[in-house]
Amino acid sequence: MDFTGRIIDLMKKNMQSFISGEVLSRELGITRSAVWKRVKGLRTQGYIIEASPSKGYRLLSIPDILSSKEIKDSINCSIQIIGKEVYVFQEIDSTNIKGMELGDKGYSEGTIILAETQNMGKGRLGRSWISPKGNIYLSVILRPDILPSQAPLITLMAAVASASALRNAFNIGVYIKWPNDLLINSKKVGGILTEMKSEIERINYIVLGIGVNVNMDSSLFPPDVRVNATTLKESVGRELPRIEVISVLLKELDKWYKIFLNKGSGPVFDEWRRLSPSLGKRIKVMSLNRIIEGIAEGLDDYGGLIVRLDDGKTEKVVSGDVTVIN
């Protein structure tokens with residue numbers, strides 16, 4: 001039995017009130033000395049627990065650490081696909097790399113991988129992703145019955161789900177920059193990276209990676225990144241419990257993934273248009289070998305960005321960095 005976990009659960013139910021060592025001992029079926037040893041261990045993990053010889057123990061604050069049990073408890077009965085299994089790592093190369101490894105081993109759809117920090121985090125186009133503690137780095141294994149050419153739609157679906165979750169839960173204006181960036185006041189607060197293992201006409205699995213800057217100190221951003229990046233903490237004005245943020249993200253992702261599977265890309269496109277600040281605006285798109293300018297008109301059936309050039313012709317963009325000019 002996880003006696004430490006039970007002690008935490010009992011203290012949470014009596015948050016800010018004392019619970020005696022005798023009660024804890026009786027509830028758990030262990031000695032009071034064993035209770036004390038576990039309370040001492042919780043303190044080393046960052047739990048602030050007051051002890052009184054006459055009153056017992058009182059939980060004053062909970063550290064912002066990730067727990068697979070607490071995450072599963074927070075989404076229990078609220079999801080059908082996403083988050084059935086949750087794995088948390090203190091440090092990892094990247095959650096997407098681990099997701100690909102587990103995908104190859106046949107782990108079920110909806111499996112979640114989370115990490116406190118990554119040492120090989122990556123973004124689109126091979127860029128590195130700054131991965132200090134205090135943020136959210138998660139990946140989910142998906143096995144949709146769609147063609148490999150439709151995989152970019154999963155990125156758009158995840159962007160819609162992530163932006164909607166943060167907007168609804170924390171009342172902040174989160175928008176989507178095509179194809180995968182989450183913005184607050186034109187600064188990046190999160191991003192999405194989709195990778196897959198497929199055959200010619202069949203997807204074996206997709207690993208959907210989501211990174212969100214939550215509580216990190218913005219001074220940790222490199223100078224060239226700092227000017228264009230932000231955190232939820234800066235936007236909301238307080239630190240946010242990451243398990244709460246993860247919970248709303250997973251619930252909304254589960255919702256939008258089911259919408260996509262059942263109704264196709266139409267509802268996703270409709271919501272994406274509402275959350276995109278670039279539609280109808282003049283944009284510049286920088287790809288690996290060229291730059292184009294024009295008016296962002298919308299999306300094609302596979303999630304490519306349609307740009308109307310100055311000569312009146314349209315061009316579909318499948319990858320690149322978008323900047324709104326006016």
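Residue indices begin at 1 and follow the sequence shown.
- Nearest heavy-atom pair across Y175 and P277 is CB-CD, 4.1 Å.
- Residues I141 and L102 have side chains in contact (heavy-atom distance under 4.5 Å, counting atoms from C-beta outward).
- Under the 4.5 Å side-chain heavy-atom criterion for Ile, Leu, Val, Met, Phe, Trp and Tyr, L156 and Y302 are members of distinct hydrophobic clusters.
- Considering only residues two or more places apart in sequence or on other chains, R43 meets the salt bridge (charged side-chain N to carboxylate O under 4.0 Å, His left out) condition with none of them.
- Residues L60 and I8 do not share a hydrophobic cluster, defined by chaining ILVMFWY side chains whose heavy atoms lie under 4.5 Å apart.
- Side chains of L147 and Q150 form a contact here, defined as non-hydrogen atoms less than 4.5 Å apart.
- In terms of the salt bridge (charged side-chain N to carboxylate O under 4.0 Å, His left out) criterion, K284 has no residue partners (sequence neighbours excluded).
- Using a 4.5 Å cut-off on side-chain heavy atoms (C-beta onward), I146 and I203 make contact.
- Checked for salt-bridge contact, K197 and D104 meet the test: a charged N lies under 4.0 Å from a carboxylate O.
- Remark: side-chain polar atoms of W272 are not paired, donor with acceptor, to backbone N or O of W178 under 3.5 angstrom.
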Report task. Kindly indicate, with the supporting measurements, whether the criterion side-chain hydrogen bond (donor to acceptor under 3.5 Å, both in side chains) is fulfilled by S276 and S278. Result -> CA-CA 6 Å; S276 171; S278 60; 3.1 Å; yes

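- Under the side-chain hydrogen bond (donor to acceptor under 3.5 Å, both in side chains) criterion, no residue pair touches residues 18-27, with sequence neighbours excluded.
- With a 4.5 Å cut-off on side-chain heavy atoms, F89 and T117 do not count as touching.
- The aromatic rings of Y57 and W36 sit parallel to each other, their planes meeting at less than 30°, with 60° as the upper class boundary.
- Looking only at side-chain heavy atoms (C-beta outward), K12 and I62 come within less than 4.5 Å of each other.
- Inspection of the E109 and Y257 side chains reveals an N or O donor paired with an N or O acceptor under 3.5 Å.
- Crowding of Q80 atom CD: a count of heavy atoms from other residues, nucleotides or ligands under 6.0 Å not exceeding 12.
- Contact between L138 and T95 at its shortest, heavy atoms only, is C-OG1, 3.7 Å.
- Side-chain contact check for I325 versus E293: some heavy-atom pair is nearer than 4.5 Å.
- Atom CG of L208 and atom CG of L253 lie 6.0 Å apart (nearest 0.5 Å).
- The environment of Y47 atom OH is dense: over 12 non-hydrogen atoms of other residues, nucleotides or ligands sit within 6.0 angstrom.
- Placement of L275 and I306 in two distinct hydrophobic clusters is found when ILVMFWY residues are connected by side-chain heavy-atom separations under 4.5 Å, directly or transitively.
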Report task. Walk me through it: do V245 and I136 pass the test side chain to side chain contact (heavy atoms under 4.5 Å, CB included)? Result -> CA-CA 8 Å; V245 181; I136 291 172; 3.4 Å; yes

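- Expressed to the nearest 0.5 Å, how far CD1 of I71 lies from CG of L250 amounts to 7.5 Å.
- Of all non-hydrogen atoms in N135 and R242, the two that sit nearest each other are O-NH1, 3.0 Å.
- With sequence neighbours left out, S67 forms a side-chain contact (heavy atoms from CB on, under 4.5 Å) with K69, E70.
- Sorted by first and then second residue, the salt bridge (Lys or Arg N to Asp or Glu O under 4.0 Å) pairs with a member in residues 132-144 form an empty list; sequence neighbours excluded.
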When the side chains of residues 161-172 are checked against the rest of the protein, which donor-acceptor pairs come out under 3.5 Å, sequence neighbours left out?
unit_1 : atom_1 : unit_2 : atom_2 : d
S162   : OG     : A158   : O      : 2.9
S164   : OG     : V160   : O      : 2.8
R167   : NH1    : V174   : O      : 2.9
N168   : ND2    : S164   : O      : 3.1

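- When the shell of 6.0 Å around CG of D145 is examined, it contains 12 or fewer heavy atoms from other residues, nucleotides or ligands.
- In this structure, the side chain of N213 does not engage the main chain of T231 through any donor-acceptor pair within 3.5 Å.
- A salt bridge between E315 and R290 is present, with a side-chain N of the basic residue lying under 4.0 Å from a carboxylate O of the acidic one.
- In terms of heavy-atom proximity, S68 sits nearest to V86 at CB-O, 3.4 Å.
- To the nearest 0.5 angstrom, D254 atom CG is 8.0 Å from I75 atom CD1.
- With hydrophobic clusters built from ILVMFWY side chains whose heavy atoms lie under 4.5 angstrom apart, I246 shares a cluster with I81.
- With 3.5 Å as the limit, one finds a donor-acceptor pair spanning the side chains of N119 and E91.
- At least one donor-acceptor pair under 3.5 Å links the side chain of S139 to the backbone N or O of N96.
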Report task. Could you go through the side chain to side chain contact (heavy atoms under 4.5 Å, CB included) check for W256 and E271 one step at a time? Result -> CA-CA 10 Å; W256 277 100; E271 189 66 7; 3.8 Å; yes

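- Side-chain contact between I292 and V317 is present, with at least one heavy-atom pair separated by less than 4.5 Å.
- Atoms NZ and CD1, from K258 and I82 in turn, are 9.5 Å apart once rounded to the nearest 0.5 Å.
- A donor-acceptor distance shorter than 3.5 angstrom exists from the side chain of T31 to the backbone of A34, with no hydrogens or angles considered.
- Enclosure of atom CG in D217 by more than 12 non-hydrogen atoms of other residues, nucleotides or ligands within 6.0 angstrom is indicated.
- Under the 4.5 Å side-chain criterion, counting only non-hydrogen atoms from C-beta, Y87 is not in contact with L114.
- To the nearest 0.5 Å, atoms CG (L309) and CD (E297) are separated by 9.5 Å.
- A chain of hydrophobic side-chain contacts below 4.5 Å, direct or via other Ile, Leu, Val, Met, Phe, Trp or Tyr residues, connects Y205 to I113.
- Distance alone, capped at 3.5 Å, places no donor-acceptor pair between the N185 side chain and the K187 backbone.
- E239 and N215 make their closest contact through CA-OD1, 3.4 Å (heavy atoms, listed as atom of the first residue, atom of the second, distance).
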Query - Derivation of the side chain to side chain contact (heavy atoms under 4.5 Å, CB included) call for I79 and K84 - result: CA-CA 8 Å; I79 56 103; K84 289 292 188 180; 4.2 Å; yes

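- The distance from the CG atom of L42 to the CD1 atom of I48 is 12.5 Å, given to the nearest 0.5 Å.
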Query - Step-by-step side chain to side chain contact (heavy atoms under 4.5 Å, CB included) determination, M11 to L24 - result: CA-CA 9 Å; M11 286 187 172; L24 289 172; 4.3 Å; yes

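- With hydrogens and angles disregarded, a donor-acceptor distance shorter than 3.5 Å links the side chain of E116 to the backbone of L66.
- The shortest non-hydrogen separation linking A296 to I283 is CB-CD1, 3.8 Å.
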